[in-house]
Protein chains: 2
Amino acid sequence: MTAPDQPLRADARRNREAVLDAASALFAQHGGDVQMNDIAERAGVGVGTLYRHFSDKQSLQAAIIGRRFAAVAGLAERAEKIDDPWAALEAVLRGYLEAADADAGFRFSILSPIEPAWDDIVREKAGFAASVARITQRAADAGLVRSDFTADDFILLTRGAMANMGGEHEGWRRFLALALEGVRVT
Amino acid sequence: MTAPDQPLRADARRNREAVLDAASALFAQHGGDVQMNDIAERAGVGVGTLYRHFSDKQSLQAAIIGRRFAAVAGLAERAEKIDDPWAALEAVLRGYLEAADADAGFRFSILSPIEPAWDDIVREKAGFAASVARITQRAADAGLVRSDFTADDFILLTRGAMANMGGEHEGWRRFLALALEGVRVT
DNA sequence: ACCTGAACACCGTTCAAGT
DNA sequence: ACCTGAACACCGTTCAAGT
């Protein structure tokens, strides 16, 4: 499950990316109900090819999440280098949510009632999660957030914000302001 | 759209309720992906009957939400009678979320990527919303929560909490504790 | 090794026939 | 007025044939 790692043939890799791009684009346009056939068509591949890369819809959702986690891992590492522990925490939180706001496919996948196939993306998740854990820990140790604040709480807030994104609900920034007020120690 | 109000024939009313009950039960068991045919079967009616009462899945979702709103309207009115404005706010919030936690169909409908048919349930929504507005207003006026706290914020927190309910995510109580900390003034 | 798309199975929705 | 369930259309997934 944890990625075979044998480098894909050039065209296969291209197709894989094309499918992911197509899925993201379609998720952004329509909300949530996107068809596998449409994704394949938009990606310029046959449905069979889509299924060769992603065994089912959950697996495709997981891949979308994995790709986003890989992207924000860099952001998290940069945040770790910020001296002020509070500023570092705010940077990952904001950066992560800003990315989520721009990536409807990611949001729908994360909040989907059908759980995404997390097993497919343990690696991608681990990197980001480790950075976040260190950042939250540091902020708590410095007494800048409640002493019991953990990476799990980061996820809670993050899910909460995403539930207020997209379509009608653009209140997530306000939500974040309220939530941070409850976490910060001043 | 806003409810015809002509009282239904006894068997029709019974069927309507049976469908709603069946949908709730199935949503609670499986997560999110519930079939119209299964709902009809569980309710002991033909699919046609289901569609006679609810024009489509969105409309069924709206009805589930409407029914829950009607139920929590009573709770909100009782909360309004609590003297301490903060205690009143906490009572609606907690009561509403406790009800949401126990009603998976409600949660899936509210957070669904397919927007529920709100037009079907303006009335049911209005009563609850009015109570909540008065309660948040009173708490803000009393200086017990941030002075800019509104009923919209109530919705933000509430959606945030629901995004952390069900299945793996039972962290909504912790989430609520964090969020309230950000809202309360002490 | 990887790609294609017609074909199959399943689920949302309709409608002709019933009471 | 309301109910039924077979039938239809659509979408997720498979698989035989191709490069």
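So that the names make sense, note that chain A is the first sequence line, chain B the second, and so on, each numbered from 1.
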When you get a sec, tell me which of D:dC2, D:dC3, C:dT13 is the closest nucleotide to the side chain of B:Leu8?
-> D:dC2
Measure the distance from CG on B:Asp33 to C1' on C:dG12 and round it to the nearest whole Å.
-> 14 Å
Can you sort out which residues in residues 37-46 of chain A have a heavy atom within less than 4.0 Å of DNA chain D? Ascending by number, please.
-> A:Asn37
Nearest to the side chain of A:Met36, which nucleotide is it out of D:dC2, D:dG12, C:dC2?
-> D:dG12
Figure out the CG/C1' separation between A:Asp56 and C:dA9, and round it to whole Å.
-> 16 Å
Linking I/L/V/M/F/W/Y whenever any side-chain heavy atoms sit under 4.5 Å apart, do A:Leu75 and A:Leu157 land together?
-> yes
Using the six-membered ring wherever Trp is involved, compare the ring planes of A:Phe69 and A:Phe106 and label them parallel, tilted or perpendicular (cut-offs 30° and 60°).
-> perpendicular
Nucleotide-resolved protein contact map, nucleotides 14-19 of chain C, B/S/- at heavy-atom distance under 4.0 Å = BB----
To the nearest angstrom, the CZ-C1' distance between B:Arg52 and D:dA1 comes to 6 Å
Identify the two heavy atoms, one from A:Ala25 and one from A:Arg42, that lie closest to each other, and give their separation to 0.1 Å.
-> CB-NH2, 3.5 Å
Neighbour count above 12 (heavy atom, 6.0 Å) for A:Gln58 CD = yes
Which distance, rounded to the nearest 0.5 Å, do you find between the CG of B:Asp153 and the CZ of A:Phe175?
-> 10.5 Å
So, are B:Asp84 and B:Arg138 salt-bridged, with charged N and O less than 4.0 Å apart?
-> no
d(CZ, B:Arg14; P, D:dA1) in whole Å = 18 Å
Atom pair distance, as rounded to whole Å: CG in B:Leu60 and C1' in C:dC11 | 15 Å
Checking N1-N3 plus N6-O4 or O6-N4 for Watson-Crick, or N1-O2 and O6-N3 for wobble, each under 3.5 Å, the partner of C:dA9 is none
Does any nucleotide pair with C:dG18 by Watson-Crick or G-U wobble geometry, both distances under 3.5 Å, and what is it?
-> D:dC2
Between B:Glu124 and B:Arg67, is there a side-chain N and carboxylate O pair less than 4.0 Å apart?
-> no
Just do the ring-ring contact (aromatic ring centres under 6.0 Å, His included) check on A:Phe128 and A:Tyr96 with the steps written out, would you?
-> CA-CA 10 Å; A:Phe128 180 61; A:Tyr96 176 60; 5.1 Å; yes
Look at B:Asn15 and D:dC2 and indicate whether a side-chain polar atom (N or O) is within less than 4.0 Å of OP1 or OP2.
-> no
Could you check how far CG of B:Asp11 sits from P of D:dC3, rounded to whole Å?
-> 5 Å
hydrophobic_cluster_shared for A:Ile82 and A:Leu89, side chain cutoff 4.5 Å | no
When you measure from the side chain of A:Gln35, which nucleotide among D:dC3, D:dC11, C:dC2 comes out closest?
-> D:dC11
Considering just the side-chain nitrogens and oxygens of A:His53, establish if one lies under 4.0 Å of OP1 or OP2 belonging to C:dC2.
-> no
